[in-house]
Amino acid sequence: MNAAKNKQDTYYESIIKNGFSRRDFMTFTAFMAAYMGYETSSIAQIANALKTTPRLPIIWEHYQECTCCSESFIRTDHPIAANIILDKVSLDYTLTLMAASGHQAEAAKKATMEKYKGEYILCVEGSVPLGEEGVFCCIAGKTALEQLKEAAAGAKAIIAWGSCASNGCVQSSKPNPTNATPIHKIITDKPIIRVPGCPPIGEVMAGVIVHVIAFGKLPELDRQGRPKAFYAKRVHDSCYRRPYFDAGLFVEEFDDENAKKGYCLYKVGCKGPVTYNSCGTMKWNNGVSYPIQSGHGCFGCSEDNFWDNGPIYERLTNVPGFGIEANADKVGMVAAGVVAGAAVGHAIASKMSKRKELKERIVSGKDLEKQVE
Amino acid sequence: MTTISHDFKRVFVWEAPVRLFHWINVLAILTLAATGIIIGNPPAIMSGAEATNQYWFGINRYIHFISAYILTFNMLYRMFWSYMGNKYANWKQFFPYNKKGIKNTLFVLKHHVLLQNEKVYDFRKNIIGHNPIAAISYSLLFILMLIQIFTGFGLYADNSTWFFPKLFAWVPSFLGGDMNTRLIHHITTWGFIIFTIIHVYLAMWHDWLEGRGEISSMFGGYKFIRKERLKKEEEKND
Ligand code: SF4
């Protein structure tokens, strides 16, 4: 196997072969180190790793998804990220981007799986339907579940791209007709990196991949299996509208004066305070903008079950089991009113039921009052 | 009935730490509920001032966090006191743990909640410390406070560098994300509001009906017990 690997180009070799200069390569490395939040000294480390390690084979599977993750990825800031890491060098199988199709594509995948057993990285885009034995998503005559199990068996690690693969996204929202299931609920014996977002930020995806190939291990993950470098902070904590939040200046409606002034979108449903992502710092489309900057609240696309977590344009969340119109405060107010009413009723009933006791006390109290000097 | 004297004795029931806990808790809960509801649904305050010169929402949150710490440590202190204090402050008071406790619970349920009258009024059945139904409601309040502490500090943990909030950092991921945690935190607030209505009403109710200093006892610590009752207890103790 080693002999086979030695014949492989290193990342650096393939980058140069593809017509990039060494300068391009170093720029790319610096970009990546910056994305991942490393100090400058690690640029050399990453560059070195990319020069010496043979490329890591990647199998990129697509199940129940919209390909927005791939779309996001191929638009990363630096062309080498998409071009080299995915497009030309590493990707052994991805049905949307590869030239081969049909039997040829499947054969390429099979070959990689056999040749690099235990070596390759499995990237998964999309959730896996478990309902009706998985017939809702079939590729090359096999269900997504069979495909996933087969590909996962020989993988070194799995990257679950996007909200579909890491928490089910829209297709798993209630009532989840296809029983769409995220990857970590199916594959439990492999290290899994969850990179949620609908889609995840392209630079985040590149950062995760480069980390894995440059350091040969998974990036540091948080409790939910997300890379800490990109998901440790709330959108709210890096939001440029935060001063308006702290000043209590809010957009009340999307077409009001406050919206024009660019106030905080908290009251029109911004989920920034409960969403962990790097949108506020990395932004989108080569750092052009991100939802809040474009005047729309964050809707929490990188959070678990965000589709089922209440209305997008409201702050108040619906209380499960109380119908669509009942938010927490309405239910609370009605309950408090009922209790206050019950207290008044109880007081009146006490007055009637305990009248003897009360009367006795009043009589004796008045008697004693007469004895007061 | 007429044989019962109206000679009441002052009995020291609530020690200073218990009373202090109570009033600190009152202030903390009121502040937390008020600031919390404002955080959940901030009023539209229009002002011409620049954002740099304003910070009221930040201050509101700041007060919320400080009160949360006060509530938490006050609660820990009360738990400690439930081992150190007198028998009315003891942790056993909060559960009907034996036959007598269950009997008392049923008694209170029948005569105070459902307002039945005793055939013969028996002052010995008057309860001196917490009545058992109230005690159960305090245990429930305790659980509500735990829920708020876990969800609240769970949400707060990421903003903090101190170890204490960090202890709760696992809560949001356990509950399926910040959104759910926030919802639970928000709904539970209403539990406190409802508790407060019931609690204040019943304290007034006891004071009004029984006239034994129910409300003032939480200030001074004394309740009033019939003289005969003391004798009987003394005899029993002898
Ligand atoms: S716009 Fe959203 S993320 Fe930004 S400060 Fe307001 S609530 Fe927070």
Side-chain angles (χ1 to χ4, degrees), chain A residues 167 222-224 232-234 237 243-250 252 257-258 263-264 266-267 271 273-276 300 303-306 309-310 315-320 328-329 331-333 335-336 338-340 342-344 346-347 349-350 352-354 356-358 360-361 364-365 367-368, chain B residues 1-2 6 37-38 40-47 49-61 111-118 121 155 158-159 169-170 172-174 176-183 186-187 189-191 193-195 197-198 200-202 204-205 208-211:
Chain A
N167 59 48
D222 67 5
R223 252 178 224 88
Q224 297 180 36
K233 283 262 172 273
R234 296 180 172 103
D237 292 327
Y244 291 119
F245 174 86
D246 287 330
L249 296 169
F250 302 108
E252 303 289 330
E257 192 53 34
N258 295 358
Y263 287 173
C264 167
Y266 185 70
K267 284 178 83 174
K271 303 288 184 293
V274 286
T275 303
Y276 292 80
E303 287 298 303
D304 278 8
N305 306 324
F306 73 101
N309 273 336
R315 198 61 234 131
L316 298 171
T317 341
N318 291 338
V319 183
D329 285 345
V331 175
M333 273 182 235
V338 168
V339 168
V344 172
H346 190 262
S350 310
M352 297 196 293
S353 171
K354 304 272 179 185
K356 260 196 192 156
E357 214 178 310
L358 279 164
E360 205 146 321
R361 291 217 173 99
S364 80
D367 279 351
L368 286 171
Chain B
M1 270 217 277
T2 39
H6 290 280
I37 284 173
I38 292 175
N41 190 14
I45 294 179
M46 296 301 160
S47 160
E50 277 293 319
T52 20
N53 299 325
Q54 293 188 63
Y55 200 68
W56 76 264
F57 201 61
I59 290 170
N60 183 66
R61 293 174 74 232
H111 298 98
H112 295 175
V113 180
L114 299 176
L115 296 172
Q116 292 177 14
N117 283 302
E118 292 162 81
Y121 180 73
L155 289 168
D158 272 316
N159 299 344
W170 54 273
S173 41
F174 176 76
D178 280 23
M179 292 192 200
N180 246 342
T181 315
R182 197 194 76 87
L183 179 63
H186 190 115
I187 293 172
T189 305
W190 284 99
I193 293 168
I194 287 163
F195 170 88
I197 296 173
I198 297 173
V200 171
Y201 166 68
L202 285 180
M204 297 197 299
W205 186 86
W208 164 66
L209 198 72
E210 295 169 353

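Worth saying up front: this structure is predicted, and the values here are computed from it rather than measured. Within every chain, numbering begins at 1; the chains are lettered A, B, ... in the order of the sequence lines, protein sequences first and strands thereafter.
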What one should report as the nearest heavy-atom pair of A:Ser350 and B:Trp205 is OG-NE1, 2.7 Å
Shortest non-hydrogen pair, A:Ala336 vs B:Trp190, comes out as CB-CZ3, 4.3 Å
Which bit of [X] comes within less than 4.5 Å of chain B, counting heavy atoms only: side chain, backbone, both or neither?
X        : result
A:Ala232 : backbone
A:Asn305 : neither
A:Met352 : neither
A:Phe245 : both

Measuring from atom [atom1] of [X] to atom [atom2] of [Y], what distance do you get when rounded to the nearest 0.5 angstrom?
X        : Y        : atom1 : atom2 : result
A:His346 : B:Ile198 : NE2   : CD1   : 11.0 Å
B:Ser173 : A:Asp222 : OG    : CG    : 7.5 Å
A:Leu358 : B:Trp208 : CG    : CH2   : 5.0 Å

Please evaluate residues A:Asp246 and B:Arg61 with respect to the criterion side-chain contact (heavy atoms from CB on, under 4.5 Å), reporting the C-alpha separation (whole Å), side-chain torsions for both, the decisive distance (0.1 Å), and the verdict.
CA-CA 9 Å; A:Asp246 287 330; B:Arg61 293 174 74 232; 4.1 Å; yes
Which is it for B:Asp158 and A:Arg234 under the side-chain contact (heavy atoms from CB on, under 4.5 Å) test, yes or no, and what are the steps along the way?
CA-CA 8 Å; B:Asp158 272 316; A:Arg234 296 180 172 103; 3.7 Å; yes
Are any side-chain N or O atoms of A:Arg361 and backbone N or O atoms of B:Leu209, one a donor and one an acceptor, separated by less than 3.5 Å?
yes
Under 3.5 Å donor-acceptor, A:Lys267 side chain and B:Asn41 backbone:
no
Listed partners of B:Thr189 passing side-chain hydrogen bond (donor to acceptor under 3.5 Å, both in side chains), at least two apart:
B:Gln148
At a heavy-atom separation under 4.5 Å, does B:Tyr55 approach chain A through its side chain, its backbone, both, or neither?
both
Side chain, backbone, both or neither: which part of B:Ile197 has a non-hydrogen atom closer than 4.5 Å to chain A?
side chain
Quick check for you: among A:Glu257, A:Gln224, A:Met333, A:Arg223, which has the greatest number of heavy-atom pairs under 4.5 Å with chain B?
A:Arg223
Out of A:Gly332, A:Pro273, A:Gly300, return the one with the most heavy atom pairs under 4.5 angstrom to chain B.
A:Gly332
Does some side-chain heavy atom of B:Phe57 sit less than 4.5 Å from a side-chain heavy atom of A:Leu249?
no
Do B:Asp178 and A:Lys271 pass the salt bridge (Lys or Arg N to Asp or Glu O under 4.0 Å) test, and can you show the C-alpha distance, the side-chain angles, and the key distance before you say yes or no?
CA-CA 10 Å; B:Asp178 280 23; A:Lys271 303 288 184 293; over 6 Å; no
